[in-house]
Structures are given as C-alpha cells and as structure tokens.
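I am attaching a structure below and will ask some questions about it afterwards.
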Amino acid sequence: MRRLTSVVRAVQRFTESRNRSKSLFLRNSGRKTAAHFSWNCSSLLALAALVLLGGCGEPQFSDAEKKTIASLALNTLPSLKPDTTNQYADVPAAAALGSTLFFDTGMSRDGTVSCSTCHKIDRQFQDDLPQAVGVSRTNRRTMPLAGVARNPWFFWDGRRDSVWAQALTPLENPLEQAGNRAAFAHYIKKRFGERYERIFGPLPDLSTVPASASPLGTDAEKAAWNAMPTGQQDDVNRVFANIGKAIAAFERSIEPEQTRFDRFAIDLATGAKPVGDAVFSPEEVLGLKLFIGKANCVTCHNGPRFTDNSFHNTGVPPVDGLPPDRGRVDAVAQVEADPFNCLGKFRDGDESACRELRFMVKDGPQIVRAYKTPSLRGAADRPPYMHAGQFATLGEVVAHYSKVPLAVEGVSEVHPLDLSERERAALVAFLKTLSE
Amino acid sequence: MASIWRYILAGLGLAALLVGIVAAVYLTLPQAASGPDISRSKKTANGLFVASFEPERGVVRQGELQSWLLTLKTAAGAPVEGAAITVSGGMPQHDHGLPTSPQATDYLGQGRYRIDGVKFTMSGWWQLHFGISAAAGSDSVVFNIVL
C-alpha cells in the first residue's frame with residue numbers, strides 16, 4: 001500500500017516545481033553522516049572497553065563494512081542529473097503528456113497495449129511475468145522502472161542509450177505495442193495536437209504522410225516509408241523522437257523509496273540506536289555481512305541502487321524454447337545503428353553527453369551473454385528473476401550463486417560460493433529488507 | 001577513603017587495558033599491507049619514459065565516467081609529444097576487463113594526454129596498461145588503482 005501511494009506521489013511530482021533543494025539537503029546529510037561515522041570509529045575503541053565490561057550485544061561491523069553499508073544507503077543517491085540530450089526532460093507539461101502516453105492503449109497497433117500494460121504502476125512498474133506479454137509474448141522479463149533515468153544503458157542488454165530513445169522501441173516492437181511511427185504521428189496530431197504543439201512547437205504537415213509507415217515495420221510499412229521524401233521522413237522521426245522525450249520526462253519522476261535497510265544503515269552510520277523496524281535480526285545482519293563480504297554480491301550490486309550499471313555474464317541458463325539470446329554482445333551494433341542514439345541528429349545539446357556511447361566496450365569475451373546488473377531494491381516483492389524470469393524465488397537465485405553452472409556461452413564471472421543452507425537463508429532475509 | 005583509592009586503581013587498570021587494546025589494534029592494522037604498487041608516477045617498463053597518471057579532477061569516483069591525465073616525459077625530463085597511446089586493463093583478481101574502452105582523446109601540451117572514458121564500477125584492485133609509441137620508441141607501463 002505504502003508503495004502504491006508513493007508511486008502515485010511520483011506521478012504527481014512532475015506537476016510540482018522540482019524540489020532540488022530537498023535532494024541537495026539529502027546529499028549533504030549523506031556527507032555529514034560519513035563524517036560522523038569516522039568520528040565514531042575512533043570512539044569505537046573506547047566503546048570496546050565498555051563492551052568488555054558490560055558485554056553489550058550490539059551487532060558489530062568493521063570500519064570497512066560500515067563504509068560499504070553507508071555507500072549502499074539511499075541517502076547517498078545524488079540528485080538526478082539534468083539530461084542535456086532531452087531539452088524537455090524537466091518540462092512539467094512534457095512529463096504530463098508523457099504520463100498520458102505511458103498509460104494510453106491508443107499508443108498501439110490494436111489499441112490494447114500501453115507501456116503500463118507491462119510496466120504496472122502498482123507493481124513497481126513491472127508485471128510479475130517471466131516474459132512480458134504485449135501484442136504477443138516477448139522473450140525477456142519486464143524491467144521495473146524505479147530510478148530508471150539514472151541508467152546509462154537501457155534494456156537487459158543495453159541496446160539503447162537514453163530514456164527517450166528506449167521509449168521508442170516498444171512502440172514499434174511487433175511483440176509489444178506493434179505500432180509504426182507514421183501512425184503515431186497521425187494519432188498525436190488527432191488526439192493531443194494542441195498539447196504537443198504547446199511543448200514542442202508546430203506539428204509538421206502530415207497530410208501526405210501515409211497512414212502506416214516505418215523503416216522497421218512490416219514489408220508494406222517499409223515500402224511506404226521508403227517511398228516518402230527524406231524531409232518527410234525527418235518530420236515524422238522528429239515527432240516520434242518527441243514522443244520519446246515526453247515519456248522520458250515522465251519516467252524521470254519514478255524513483256526508488258526508502259526501505260528498512262536504509263533506516264538501519266543510516267542509524268549505523270550516525271551511531272543512533274536503531275528502533276522499530278530499523279532493528280535487524282541476527283539473520284539479517286548475517287545476510288548483510290555475507291552480501292558485502294564472503295558472497296561478493298556487492299562487487300556488482302553496489303551503490304545506493306545496488307547496481308554498477310554494467311554488464312556481466314553470471315551463468316544464468318537460457319530458457320528452452322526462446323530464440324538464442326547473447327546479451328550485451330549483440331546489443332553493441334544495435335545501439336550504434338540506432339538513429340535516435342546520442343550521436344544521432346535527434347539529440348538536443350552537444351555531443352559531450354555521449355561519452356558512454358563513445359567509450360563503450362564493443363567486443364571481447366566478457367560481453368557474451370552479459371546482462372545488466374539489476375537493482376535489488378524491491379526485488380523480494382517482484383518474482384520471478386533474471387532477464388527471462390529464469391528463477392521463481394530469491395531462494396533459487398541464491399542457490400544459483402551458490403552453485404553457478406558453467407555458462408552456456410561466454411565465461412561466467414561468478415564462481416560457486418558453496419553457501420550453507422543457513423547462509424543462503426540469511427542472504428534472502430537480507431534481500432527482503434530492501435523491500436520493506 | 002580506601003574505597004576511592006580502589007576506584008582510582010580500578011580506573012588506572014582499565015586505562016592500561018585500553019592502552020593495551022589500542023596498541024594491539026594499531027599493530028595489527030593493515031598498514032599499507034603488501035598490496036600492489038599504487039604509485040601514480042613511474043618509469044615505463046623499458047625505462048624509455050617517465051609516466052604519471054592522475055584523475056583530471058583530482059578525485060576518483062566509483063561508477064563515474066572520468067577523464068584522467070597521462071603525462072609523459074623522457075628519462076631526461078623533456079615532455080613527450082605526438083605519442084600514440086593504447087589503453088587496456090581490468091581487474092586482475094576478478095578476471096575481467098574494463099567496463100569501458102578509455103581512449104587518449106586530446107593532447108594538452110607539456111607531455112600531457114587526456115585519457116577519457118575511464119570508469120571503475122567496483123571497489124578493489126584495477127590495472128590500466130598503456131602502450132606508448134613516440135619518437136624515442138615504444139614502451140609500456142601499468143598503473144595499479146585500488147578503490
């Protein structure tokens with residue numbers, strides 16, 4: 001319930017003036033806690049004497065552990081950076097239009113599918129299915145969207161490089177919304193023409209644009225597209241890109257929320273005695289220690305979003321019956337070829353925003369069957385797991401990390417941990433604190 | 001009266017205990033434990049150049065795409081101009097490469113080259129290898145960065 005109300009809050013936020021000072025405050029208080037915390041460490045020795053005398057049973061963490069725990073807490077999340085590639089990213093009217101489009105089933109071939117069909121607002125913007133179902137069944141699991149605007153790469157394989165370029169993909173994917181960009185341009189003009197023009201300026205003349213046309217569509221749609229003069233193709237592409245930019249402006253308001261883990265971590269950092277649900281059970285403490293220690297989870301699931309935003313082969317097996325899926329290695333060419341990528345002409349601002357694309361790893365064994373490290377915030381509440389829903393429970397996920405089969409292709413970066421049953425249960429107990 | 005002295009004595013005993021603990025902790029602290037050589041300035045493998053490698057903005061931030069400066073001098077101290085530089089690297093203990101492909105993007109004068117696109121996605125021991133070709137010849141250097 002709490003989740004639903006705060007999601008609704010996120011949706012409402014774009015109508016309010018953006019509260020930068022608040023996030024700045026949060027960031028600064030994050031710094032301050034780090035300072036307090038080093039003071040605490042020096043007083044730890046004095047405390048040690050007390051512990052010897054009184055035997056007080058507080059869970060103890062080493063300095064290094066405390067530092068790592070502090071780095072995972074949500075209060076270290078910096079404020080959202082402006083997106084210079086999308087000049088409408090922080091324009092409230094654009095976010096409002098984007099929100100309308102996100103929930104509008106009219107934005108699909110047969111009028112039945114919207115972004116929210118799969119990204120459900122009351123389900124952390126995902127759908128609880130192993131593989132998403134739009135116009136047809138897709139080959140991958142729907143990704144939750146909390147904090148999505150902070151990603152450098154989009155999709156499990158990172159085949160898009162901005163929130164706005166990503167949004168254009170499902171709109172034309174035949175398994176998802178199955179539309180085409182000419183039809184979307186006509187639809188925007190008919191349904192939202194005035195709202196669109198107030199944000200983006202005059203719509204182009206669409207009177208001679210075919211009802212259906214796209215370079216990626218059916219043979220008929222491709223033929224119609226190829227018959228269009230270049231200038232007209234550009235006009236339609238521009239409207240299409242603006243649809244993505246409006247939806248992206250909306251998505252920027254979807255942010256992760258504070259959890260029990262964060263309350264625990266802040267108390268640990270400030271030296272306050274945790275009360276209420278910020279108290280961790282011995283099992284949760286053990287799980288946290290494993291996560292940041294022996295089990296090495298934090299090497300990839302790091303920072304306040306529990307992701308390094310990078311791609312790894314973790315030996316997750318493919319799903320029988322789905323087409324071959326090679327992960328990141330096949331995405332490189334796709335993002336390079338995308339006309340809406342950062343280096344393309346639909347980007348606002350200058351090219352200095354495109355360093356992720358410019359400096360991406362393009363080949364090598366390490367990107368074969370590599371997938372993006374997902375955030376673990378909220379994960380306990382949204383099985384199944386992995387890029388095609390391979391595992392039904394967190395227990396199965398942890399069992400995977402404990403055994404790690406050989407990767408079917410490429411080389412797995414994770415090595416079997418051989419965790420005891422107690423340790424596996426503790427890791428699951430800790431992961432649950434990121435959902436409460 | 002005697003009881004006060006007893007307290008003071010106990011206090012002294014405790015203080016001594018504390019000093020003992022402090023000393024023990026201090027001695028066992030991992031003081032620059034035998035990790036990799038993390039110097040930011042060194043001779044290249046065959047001694048052709050002296051290379052130094054520093055983050056352009058002074059601080060290393062985990063997870064951020066950053067630019068670094070590679071400064072090249074000859075053994076005699078003259079700046080090395082017009083060098084062709086290749087960059088590779090990874091995490092020796094994790095058996096994986098870099099998460100990005102850094103490149104030498106600009107020459108800034110006085111032997112300074114901007115190496116852009118450097119990102120360290122996790123804490124631990126990273127290595128950056130530079131291949132350097134200039135008028136004086138070709139050489140290489142490895143920098144260790146521990147986060």
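Within every chain, numbering begins at 1; the chains are lettered A, B, ... in the order of the sequence lines, protein sequences first and strands thereafter. Below, each value reflects all heavy atoms present in this structure, side chains not excepted, and no hydrogens, waters or symmetry copies.
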May I ask you to test the B:L108-B:L69 pair for a side-chain heavy-atom distance under 4.5 Å?
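Answer yes - side chains close enough.
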Is the B:F130 ring parallel, tilted or perpendicular to the B:F143 ring (thresholds 30°, 60°)?
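It falls in the perpendicular class, over 60°.
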Need one label for A:H415: side chain, backbone, both or neither, based on atoms under 4.5 Å from any heavy atom in chain B.
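For A:H415, neither part sits under 4.5 Å from chain B.
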Side chain, backbone, both or neither: which part of A:S310 has a non-hydrogen atom closer than 4.5 Å to chain B?
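Only the side chain of A:S310 comes within 4.5 Å of chain B.
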Tell me, out of B:S123, B:G117, B:G124, who's got the most heavy-atom pairs with chain A below 4.5 Å.
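Among the listed options, the one with the most contacts to chain A is B:G117.
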Portion of A:P365 that has a non-hydrogen atom of chain B nearer than 4.5 angstrom:
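Neither part.
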Taking the six-membered ring of A:W153 as reference, does the NZ or CZ atom of A:R328 fall below 6.0 Å from its centre and within a 45° cone about the axis?
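The answer is yes, since A:R328 meets both limits relative to A:W153.
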Could you check whether the rings of A:F291 and A:F430 sit parallel, tilted or perpendicular, using 30° and 60° as the cut-offs?
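It falls in the tilted class, 30° to 60°.
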